[in-house]
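Each chain gets a letter, A, B and so on, in the order the sequences are listed, and its residues count up from 1.
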Amino acid sequence: MSADQGNGPTNTTFDEGRLVELAERALAAVPSGAEAVVRVDAVRHSLTRFANSRIHQNVSDERVAISVTVARNGRPANAATNRTDADGLAAVVADAADAAAVVPVDPTWAGVASRASTEPTGHWDQATVDADPDTRAALVAAFVAAGGSGQEAAGYCDTAAYLSVVATTDGQQATDRTSRATVDGIFLGSAEGGYTPAGYGHATSYRVADLDGADVGTSAADGAAAAVGAGEIEPGEYEVVLMPECVAEMLTFLGAYGFNAKSVQEGQSFVELGATTFDPAVTLVDDVFDPRSIGLGVDGEGTPTQRVTLVDGGTCTALVHDRRTAARAGVTSSGHGSADSGAWGPMPGSLVLGQGTATVADLVGGVKRGLLVTCFNYCRVLDPKTVGVTGLTRNGTFLIEDGRVVAPVTNLRFTQSMVEALAPGRVLGVGASARLADCEWGPGRVVAPALRLASWRFTGGAAG
Amino acid sequence: MFELASAAVEGALAAGATYADARVVVARTESLSAQNGEVESVDRSAEAGIGVRALYGSSWGFAAVAELTTTDARRAGERAAAIARASARVPGTPMPLASLPPVQAEYRTPVAEDPFAVPLGEKCDLLVALTNAMLEEPDVQLARASMAFWETEKWFASSDGSRIHQVLVDSGGGMDATAISGSETQRRSYPQAFGQYETGGYEVVRGFDLPANTGWVASEAAALLTAPACPAGTTDLILDGSQLALQIHESVGHAIELDRILGWEAAFAGTSFLPLGELGTLRYGSDLMRITADATIPGGLGTFGFDDEGTPAQRVDIVREGTWVGVLSGRDSAAVAGVSPGGMVRADGYGHLPMVRMTNVGLLPGPDEADSLEAIVADTREGVYLHTNRSWSIDDKRLNFQFGCEAAWEVRDGQLGRLLRNPIYTGITPRFWGSLDRLAGPAQWRCWGVPNCGKGQPMQVARTGHGASPARFRNVRVGVSA
């Protein structure tokens, strides 16, 4: 299949030499004496969307974005553009420089990254970069074909590629690239009053060839079939088996609100380094170099991205930092900065939860009475410090009795502290199979196994 | 620029599309934030490109390029058509499009003071001063203020012959104070959580009179640290207008999106509890519930001249005296459902496929001109008054919701009582709206803005408006916490 059939007019989008030249030209335009970081990001993203068992939207976007931070005497400002011509480069640098001339001094400004070598993550697959609409349509067709009678499919298949060049006035120049491909979807059965049985499947890899549309579709179709005939169950505290998508959701909240050094410095995080906050079964790292991960070996500030062990056997051991939080803490940046991290703080982007030895059947087998949850939906933080979150179950919730799944139940609302859920003594089992799982923050960010937890607080059902 | 849009359309038609439209978009933004007496970020961006949409059989194809040349535009059109053709591997019945007379038109957001011309130093000084003022309250540890401005210029052309030029300007901002003590974190915001945004220029920000409001924001955040928790139970609930606006957004605005009702968003955003067959008969709420989608409200964040399909902005009745009568639609979904297209299709920038989005979906004020929050409180024997959103969550059918607010006050015998922390309420959409029994009148009605409505794959962010005045709901479940 040809890369040109739908994916792009240019063969220059990922021409590293051209992108480096753009960065150098932008740096050359920075006023004398000013500090600057220039990021040149090339992105290709193509997505094929299906619903009611047919493809209904098919999109492709390809762009090069240039963002510039200029700091004059400790006064930083950012500007961005997608114009790569000489006028565009000059304008974006001037925009940042003009703003930096008039904004107040920022005492948290920590300067720009100096020269340091970076390690490529190796998560790049040319076939994924070149994947055409027919490739994605074939994966969708295999997904849809897995459905049973009366089931309707909905979801997407996408392929994406990112190449980033970061250069600074202090001599840093780093480049890395990553690709990603995802098949994600549900099957819906016939509506049963206000409830519609649903099943879910997901696969993400940096290689499109790793995706098996039929396998993902079968998972969703089987789940939807099992979800037929759901009954209501009383809300309350239940032991739970959480499938990887639920675990990924938990971990992204813990990462963003807890292990973000800005949150800690502002007193808004639960994390106390050295404290045994979690169960000994919990070991959590942010590791973009894990073979299953997706991402870049350099952050938006030009700092090499490091592997950070956030939790080791239940003990909080480290935070992720950008240059500002690191300077304030007297440490070096872990390479988790971005153009936005001045406001939002550094974020872990490649979380990996250590896997255990149990199959999902083993996890279920240990539960006297509890619930198996496929996905969470629309989770929002109620209290940042305890990471108290409310959300709902989705795409299949099942009652477990005496070690067996005995019946589907309708979706439930929960209100639960994510910290408390993983507290010492609360993790009763960890799945042996960990994979890139989806979450509301997008695919490709978390490698997670299934978990068996002692208690989860369900606060409402379909009746309210 | 119309030449570029036309070239993209011609490229798509030549490649086999049965319909095509294109938007050339030139956009700029500016956003600033300050925290604890320091400017935290100053960001400016400029973006230009062409997005072209091609219909082939049952599917849309969409392609976008940043290069503003006739050759690139035409080639983008050809690619959009090729992408749409690839969908034939998993086909459906051909997608119909509601007919639309061709339009040649121009629209500009009325702007009194160009927000990009206001000196950056003046804006920074204001934000820094606001945070310093809030920090005068000793228990406030985080004081934040921000503002943002968007200018979007669009040239639209379609194979139906429309040519539309628009310049849209959105402005706004806000501030919040966070008090922290032990494990307790409490926040108060003004004008509402995450700021208030409207169409218009810098006059929008000046109109908030932010400096005059730092005192109560900071002192209420501090007071919440020691306030009693909102007790759990079932009681009468009074909501301020900004919280009611988000309630409308989540439990009405998204539920009435026709693409959701038709299942097109099922996998990600979800579907809707509203069966299309019950349009015109389903009881959504009490007789006081009158909802419109109105893209013509002056200053509304969802106000424009034409949507991104070239359909004129209009007012559409959604709920009339409690009965569901309307939907948010585009030309394709309207044709499938057999309704008139409502001009509610918009895209996030040039690089995204236009989709059904809320305009200004709001609750009309109560019929009694004299009715007010004060009158509603005076008429309430026992209940709680909740103010300013803090969290929101709703299920994939838009039925089961839970909202948290920043602050509450108990209401006893017609009087506001103690300040309460961590108030939360939950409900089921039609049951909740059915319990609406008092609604403040036009004097307390305001079109609130939501600047960050996410939907679609790839995710798109839209700015939407929601008119609301304070209201009372009977027998609502309140006070479930983690």
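Top candidate by heavy-atom pairs under 4.5 Å with chain B, chosen from A:Asn377, A:Thr390, A:Ile186, A:Val102, is A:Thr390. In terms of heavy-atom pairs under 4.5 Å with chain A, the best-connected choice from B:Glu265, B:Met95, B:Glu184, B:Arg144 is B:Glu265. Among B:Ala269, B:Pro275, B:Ala88, B:Ser183, the residue making the largest number of heavy-atom pairs under 4.5 Å with chain A is B:Ser183. When each of B:Ser41, B:Gly121, B:Ala84, B:Ala266 is checked for heavy-atom pairs under 4.5 Å with chain A, B:Ala266 comes out on top. Ranking B:Cys124, B:Gly92, B:Ser87 against chain A, the residue ahead of the rest is B:Ser87, based on heavy-atom pairs under 4.5 Å. No other option in B:Asp395, B:Leu353, B:Asp396 has as many heavy-atom pairs under 4.5 Å with chain A as B:Asp396. Note on B:Gln186, B:Met459, B:Glu30, B:Glu38: by heavy-atom pairs under 4.5 Å with chain A, the leading option is B:Glu38.
Across all non-hydrogen atoms, the minimal contact from A:Asn78 to B:Asp43 is ND2-OD1, 2.7 Å. The minimum heavy-atom distance between A:Pro133 and B:Ala86, with the atom names listed, is CB-CB, 3.4 Å. Here the closest heavy-atom approach between residue B:Phe268 and residue A:Arg394 is recorded as O-NH1, 2.8 Å. Residues A:Ala99 and B:Leu120 share a closest heavy-atom pair of CB-CD2, 3.3 Å. Pairing each heavy atom of A:Pro384 with each of B:Thr185, the nearest pair is CG-CG2, 4.4 Å. For the pair B:Ala64 and A:Asp61, the tightest heavy-atom approach, listed with the atom from each and the gap, is CB-OD1, 3.6 Å.
Between the side chain of A:Lys385 and the backbone N or O of B:Ile180, no donor-acceptor pair lies under 3.5 Å. Between the B:Arg44 side chain and the A:Ala80 main chain, no donor and acceptor come within less than 3.5 Å of each other. A:Asn82 places no side-chain N or O within donor-acceptor distance of the main-chain N or O of B:Ala66, the cut-off being under 3.5 Å. B:Ser391 places no side-chain N or O within donor-acceptor distance of the main-chain N or O of A:Val381, the cut-off being under 3.5 Å.
Applying the side chain to side chain donor-acceptor pair (under 3.5 Å) test to B:Gln141 and every residue at least two apart in sequence or in another chain returns nothing.
B:Thr271 contributes atom OG1, which lies 7.0 Å from atom CG of A:Leu188 (distance to the nearest 0.5 angstrom). A:Ser46 contributes atom OG, which lies 8.0 Å from atom CZ of B:Arg79 (distance to the nearest 0.5 angstrom). Distance CZ/B:Arg89 to CG/A:Leu139: 9.0 Å, rounded to 0.5 Å. Distance CG/A:Asp132 to CD1/B:Ile83: 10.0 Å, rounded to 0.5 Å. In this structure, the separation between CG on A:Leu392 and NZ on B:Lys397 is 13.0 Å, given to the nearest 0.5 Å. Note that OG1 of B:Thr93 and CZ of A:Arg54 are 6.0 Å apart. Values are rounded to the nearest 0.5 Å.
At a heavy-atom cut-off of under 4.5 Å, chain A is reached by B:Ser58, B:Ser59 from residues 51-59 of chain B, listed in order of number.
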Item to complete: Could you go through the side-chain contact (heavy atoms from CB on, under 4.5 Å) check for B:Val90 and A:Phe50 one step at a time?
Response: CA-CA 9 Å; B:Val90 191; A:Phe50 56 103; 5.7 Å; no
Discussion item. Does B:Glu47 form a salt bridge (Lys or Arg N to Asp or Glu O under 4.0 Å) with A:Arg83? I'd like the steps, not just the answer.
Written reply: CA-CA 7 Å; B:Glu47 181 179 84; A:Arg83 291 179 57 197; over 6 Å; no
Worksheet item: Does the pair B:Gln402 and A:Tyr378 meet the rule for a side-chain hydrogen bond (donor to acceptor under 3.5 Å, both in side chains), with working shown?
Response: CA-CA 10 Å; B:Gln402 175 170 311; A:Tyr378 218 127; over 6 Å; no
Worksheet item: Can B:Phe62 and A:Gln57 be said to form a side-chain contact (heavy atoms from CB on, under 4.5 Å), step by step?
Response: CA-CA 8 Å; B:Phe62 177 84; A:Gln57 293 173 0; over 6 Å; no
Worksheet item: Under the side-chain contact (heavy atoms from CB on, under 4.5 Å) criterion, do B:Ile424 and A:Leu382 qualify, and how do the steps go?
Response: CA-CA 9 Å; B:Ile424 286 171; A:Leu382 302 174; 3.9 Å; yes
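With a threshold of 4.5 angstrom between heavy atoms, A:Thr48 does not approach chain B through any atom at all. Contact annotation for B:Thr178: only side-chain heavy atoms (C-beta onward) come within less than 4.5 Å of a heavy atom of chain A. For B:Leu68, no part lies under 4.5 angstrom from a heavy atom of chain A. Residue B:Leu142 touches chain A through its side chain alone, counting heavy-atom pairs closer than 4.5 Å. The part of B:Tyr350 that comes within reach of chain A is its side chain, from C-beta onward, which places non-hydrogen atoms under 4.5 angstrom from that chain. For B:Glu122, no part lies near chain A; criterion is any non-hydrogen pair under 4.5 Å. Proximity to chain B is limited to the backbone of A:Ser53, based on heavy atoms less than 4.5 angstrom apart. Only the backbone of B:Pro91 has a heavy atom closer than 4.5 Å to any heavy atom of chain A.
Counting heavy atoms of neighbouring residues, nucleotides and ligands inside a 6.0 Å radius, atom CH2 of A:Trp441 exceeds 12 of them. Taking a 6.0 Å sphere around CD of A:Glu272, one finds it holds 12 or fewer heavy atoms contributed by other residues, nucleotides or ligands.
B:Trp60 is not listed as a side-chain neighbour of A:His56, based on a closest heavy-atom distance of 4.5 Å or more.
A side-chain donor-acceptor contact under 3.5 Å links B:Ser393 and A:Arg413.
Ionic pairing of A:Lys262 and B:Glu40 is present here: one or more N-O contacts between side-chain nitrogen and carboxylate oxygen are shorter than 4.0 angstrom.
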